[in-house]
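A short worksheet on the structure shown next.
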Amino acid sequence: MAQLDASLLTTLPPFSQLSQAQIREILDQASSKRYAVETEIFREGYEADRFYLLLDGHLRVVRTTVDGEQIIALHIPPGQLFGIAPALQRDTYPATAFAASEALALSWPVRLWQPFVQNYPGFATESYKTLGGRLDEMQTRITELATQGVERRVAAALLRLVSQSGSQVEGGVEIAFPITRKNISDMTGTTLHTVSRLLSAWEKAGTVRSARKRIVVTDTNRLSDLSSSAG
DNA sequence: TCATTAAGTATGC
DNA sequence: GCATACTTAATGA
């Protein structure tokens, strides 16, 4: 898109090895779109006609179980590719993506995936690194679900959120998008009540500070202890 | 150890 | 003032 500056992409891993001319080409073929909070970007099971790059904001990627339960698969921070079904040899999206905060994304038609992979050095390897990282995280979480107690899982989830999507604030690091106790319970396989109790206890202990839809981790080391040992 | 039920308060359009 | 977010306690698997 003409109004987008090429410098938006030069620092991002999938494009960092490309010339200005190549980045121009890529931008010229992109559509950019803004998404309001809680807007659906694409839906699980639907034809994957485009792939995306998140420029700003955060996404929540959700899978729906047979009985209609929503499981939060992961959150995506700015700068990452998403909806890259073609990289998985899929023609439908494996999950539904929502804007967790107001978001801005570029997208391209899937038919450009192969040309991108072939023509742009580093694009493929960086894309697969992104996918690999997500796979690692999801496997870690499955293991946690099966083997660890709720407190450890919630502590680990908060740590991942602040490390991937944290912003520095006075006295700690805040999760950079609105997140509810229900959201956290949907990530960790517990209930919003248990998450609420844990956060209340941690707040009393000085480990976190929270308000409605906002969570600040004030003692990362303590959370780290909780996530790895009994506490 | 944790989910569920239930019954309340707080917060924000 | 209503819906949504959150808190807390009690009960029981």
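Chain letters run A, B, ... following the sequence lines, proteins first, then strands; residues in each count from 1.
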Quick check on the hydrophobic clustering: are A/Val117 and A/Val110 connected, directly or via other members, by side-chain heavy-atom contacts under 4.5 Å?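 Cluster IDs for A/Val117 and A/Val110 differ.
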
Under a 4.0 Å heavy-atom criterion, the protein footprint on nucleotides 2-7 of chain C, written with B, S and -, is --BBSB

Candidate list A/Gln80, A/Glu137, A/His75, test side chain to side chain donor-acceptor pair (under 3.5 Å), partner A/Gln164, passing option: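 The option that passes is A/Glu137.
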
Looking at A/Glu174 and A/Arg209, does any basic side-chain N land under 4.0 Å from a carboxylate oxygen?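 Salt bridge between A/Glu174 and A/Arg209, a charged N being under 4.0 Å from a carboxylate O: no.
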
Is it true that [Y] and [X] share a donor-acceptor pair across their side chains at a distance under 3.5 Å?
X        : Y        : value
A/Arg50  : A/Ser31  : yes
A/Thr180 : A/Asn183 : yes
A/Glu40  : A/Thr96  : no

Interface limits on DNA chain B, where chain A has a heavy atom under 4.0 Å of a nucleotide atom: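 Counting from the 5' end, contacts occupy B/dC2 to B/dG12.
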
Do the ring planes of A/Tyr52 and A/Phe82 sit parallel (below 30°), tilted (30 to 60°) or perpendicular (above 60°)?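 Parallel, since the angle between the ring planes stays under 30°.
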
